[in-house]
Amino acid sequence: MTMVSATIGRYHIIEELGRGGMGVVYKGHDPLLNRSVAIKILSQQLVGNSECKDRFIREAQAAARLNHPNITAIYDINEHEGIYFLVFEFVHGVSLDRYMKEHGHLSVEEALQIFVPAARALDYAHQHGIVHRDVKPGNIMVSEDKDVKVGDFGIAWVEASQTLTQPGQVIGSCFYFSPEQARGEKVDRRADIYSLGILLYEMVAGRVPFIADNLPAVIQLHLTKEPEPPTNYNMAIPRNVEQAILRCLKKDPAERYQNVTDLIKDLHYEESPEELSISKVSPSEAALHNILGNNYYKQGKLDLAVMEWNKATGLDPYNALTHNNLGTALDGMGRLREAITEYGKAVDLNPNNFVAHYNLGSAHYRNGEIEASIEEYRTVTVLNPKFAPAYYNLGNGYFRLGKLDSAIEEWQKALILNPQFAEVLYNLGNAYYRKGRKEEAKDYWNKALELDPQFAIALYNIGSMRMEEGEVDGAVELWQKCLEVNPEFAEARYNLGNLHYDRGEVELAIPEWEKATQAKYGFWQAHYNLGNAYFYLSQFDEAINQWQKTVQFEDQHWPAHWNLGNTYYYQRAQIEAAIVEWQRVAGINTHYWQAYYNLGEAYLEQGKIELACLEWDKVVQLNPKFWHVYHNLGSLYYQRGKLDQAVAYWTKAVALMLFPW
């Protein structure tokens, strides 16, 4: 039965690539990440045995945590309508066994260019506690760019175990088995090192060391026969390479290399700078720094956590979890751009980790990159369709972009998954309020309060709606409840201050506005109102102080500049300071003729007649019915001896006084 053209999970199957003891391998397409993948459909014989299936899933999950440039990445382990399948990296290339058939005898240099990266991949897996158990050319891919990828980590034991249970057949894996595997004993990394020795032997000698016509005979050779020196088949093999191969093939694991690093060292392989950096990877050492980073993070010492996790990523740059942890610590320190970089690395290394996508989306959102955040949250909903916070934040992103219907749709999904999600109900209220559907908005805010009576902002919003409807007492009651829940709710303080001021209760308004500015730094509206209140009480210095704070936080608020100019001029006789403020008003609000009129008055007092005339001419253009400016201009021209012009302006002033319409 073929599954070509079918869809399994979110993956589309394109063509069959091969078959084996585990099942069938297909080329597929992941529409979410828009990339080619390999899909291994597991045989029913395997998944029908619960013990075997559980072991398979457990070991595949462990292998999926491996992130190394020479390891075929496992993207997904899933089940669809009773069919279990693996999704892993698709490599554009050929298996090493096919490569050797196509290229014939490999030179030692070319063999090492392929062998050493594969060996590094195994070394990395060993440092993470994973033994391959089935190292052979069929599990090594050589890409079109000569990149080397080792596959089937954590799952090769299935094929390997079946090799030993096929009577009368010689199956490929048996040529690479270690003696301890042949005896059915527990194996460790040294079994892989034995297999590596056979692999390198074949690559440089053109054949495996042990060949027989049937499986028992091959196994017997592994157990009893010493291999012939590979130089018997290829005299060009250097002595150090031959010695390394023969040491790998020792029958006693204790006599072999105890780790792959020492094997690579003895091969005297000349590394490029990039390969040198890879060879310095040390997951075991990185794990120590990871532990220290976790401890510091739990203690709230983020700077020390960052230091340790930086060391860990340097020693093991392919560990997605460490990059995600580092991003979290940087995020907590407000270093958003660096956090985004680390979250991005975590996502690249493990595209199916929804937590890393979620963290990346949140960082983008807080950095104002809303479109990018939406993309990440959307990915989270595909990877984990039951994760309500992703739909919640997705809705927030659409709301920020003004796409209210899309926001409502996502929030409704979050509410289906978690009906107790009070924040979602609150946000739905905001969306319906913005759409002008105020009763629905109020219903959602009330539902949020039913779930969380301490939801201060919902109390505030309903109070504000009551004020819009003219229910002043109801609004005040809700704002006071809001402050009982959260005494630092600045907007509620501000509104109560406004009510007191409108009622002439200036002394009651001031404390509310003061508390609002203390609760919310930069609350310029409250500072502006405080300036007005202190001016009303003739406390001019304090009024100036508050208006200065207003323009410090919001320089474009021209009424504060206007008030400052008037107070400097009329209350403090500070003409230059007044001119600066009125000029600022004219710069912000070019049609505010009063600013030009006052500037004319100030210039006149300084004796700058020409400047005064220029400012008052602007008043004439903006407000031609303001008779005072014609009177003033007439007086200036009279003083300068220009009687005809003076009479003309005075005549205009009198006409406007008598007939202002």
Side-chain angles (χ1 to χ4, degrees), residues 497 501 504 506-507 509-511 513-514 517 522-642 645-646 649-650 652-653 656-657:
Y501 190 81
V506 180
E507 289 81 0
I510 288 175
W513 288 332
E514 290 282 7
T517 61
F523 199 166
W524 62 267
Q525 296 93 330
H527 285 294
Y528 178 72
N529 285 5
L530 279 167
N532 295 343
Y534 285 121
F535 185 87
Y536 177 83
L537 297 174
S538 299
Q539 297 179 28
F540 302 121
D541 289 340
E542 189 55 41
I544 288 172
N545 178 47
Q546 293 298 331
W547 288 328
Q548 286 175 337
K549 289 179 179 177
T550 303
V551 298
Q552 173 190 344
F553 295 122
E554 181 48 68
D555 185 56
Q556 295 299 305
H557 188 61
W558 65 265
H561 289 289
W562 170 250
N563 289 354
L564 280 167
N566 291 343
T567 307
Y568 286 138
Y569 188 82
Y570 296 110
Q571 308 301 332
R572 291 290 177 263
Q574 298 175 4
I575 299 176
E576 283 297 338
I579 287 173
V580 169
E581 296 300 332
W582 288 332
Q583 286 176 335
R584 191 76 188 95
V585 174
I588 298 170
N589 186 353
T590 56
H591 296 287
Y592 195 64
W593 61 267
Q594 293 92 328
Y596 302 111
Y597 182 79
N598 282 13
L599 280 168
E601 293 277 4
Y603 288 136
L604 180 63
E605 188 166 342
Q606 290 181 329
K608 300 174 180 178
I609 306 302
E610 291 298 331
L611 289 178
C613 287
L614 286 173
E615 297 300 332
W616 285 337
D617 280 341
K618 294 174 186 175
V619 177
V620 168
Q621 295 170 19
L622 291 169
N623 188 5
K625 294 187 177 182
F626 186 57
W627 67 266
H628 298 81
V629 73
Y630 294 102
H631 174 268
N632 289 358
L633 284 167
S635 299
L636 287 179
Y637 283 114
Y638 178 79
Q639 291 173 13
R640 297 166 69 185
K642 298 181 179 181
Q645 289 171 286
Y649 276 115
W650 284 336
K652 182 71 173 178
L656 287 171
M657 288 174 62

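Because only heavy atoms are used, hydrogens play no part in the values below, and waters and symmetry mates are left out as well, while side chains stay in. Residues: numbered from 1 along the sequence shown.
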From [atom1] ([X]) to [atom2] ([Y]), nearest 0.5 Å:
X	Y	atom1	atom2	value
Tyr649	Ser635	OH	OG	12.0 Å
Asn529	Gln525	CG	CD	8.5 Å
Thr550	Asn545	OG1	CG	9.5 Å
Glu507	Tyr536	CD	OH	8.0 Å
Lys642	Leu633	NZ	CG	12.0 Å
Leu530	Gln539	CG	CD	11.0 Å

Per the salt bridge (charged side-chain N to carboxylate O under 4.0 Å, His left out) rule, what does the pair list look like for residues 612-625, sequence neighbours excluded?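 Listed once each, the pairs are Glu615-Lys618.
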Looking only at heavy atoms, what is the nearest atom pair of [X] and [Y], with distance?
X	Y	value
Tyr597	Val619	N-CG2, 3.4 Å
Ala509	Gly497	CB-O, 3.2 Å
Ala543	Gly531	CB-O, 3.3 Å

With side chains defined as the heavy atoms from C-beta onward, is the minimum distance between [X] and [Y] less than 4.5 Å?
X	Y	answer
Thr567	Leu564	no
Tyr528	Gln546	no
Trp593	Val620	no

Taking atom types as modelled and ignoring hydrogens, do the side chains of Glu576 and Gln606 form a donor-acceptor contact shorter than 3.5 angstrom?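 Judged by distance alone, the side chains do pair up.
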Side chains of Glu601 and Tyr569: is there a donor and an acceptor less than 3.5 Å apart? no
Over 60° means perpendicular and under 30° means parallel, so tell me whether His557 and Trp524 are parallel, tilted or perpendicular. tilted
Kindly assign one of parallel, tilted or perpendicular to the pair Trp547 and Phe535, based on the angle between their ring planes and the thresholds 30° and 60°. tilted
Can a donor-acceptor pair be found, under 3.5 Å and without considering hydrogens, that links the side chain of [X] to the backbone of [Y]?
X	Y	result
His561	Gln583	no
Tyr630	Pro624	yes
Tyr596	His591	no

Tell me, please, which residues at least two apart from [X] pass ring pair (Phe, Tyr, Trp, His ring centres under 6.0 Å).
X	result
Trp627	none
Tyr592	Trp558, Trp562
Tyr534	none
Tyr570	none

Holding to side chain to side chain contact (heavy atoms under 4.5 Å, CB included), I want the full list of residues that pass it with Leu604, two or more places apart in sequence or in another chain.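 Side chain to side chain contact (heavy atoms under 4.5 Å, CB included) list for Leu604, sorted by chain: Ile609, Ala612, Trp616, Leu636.
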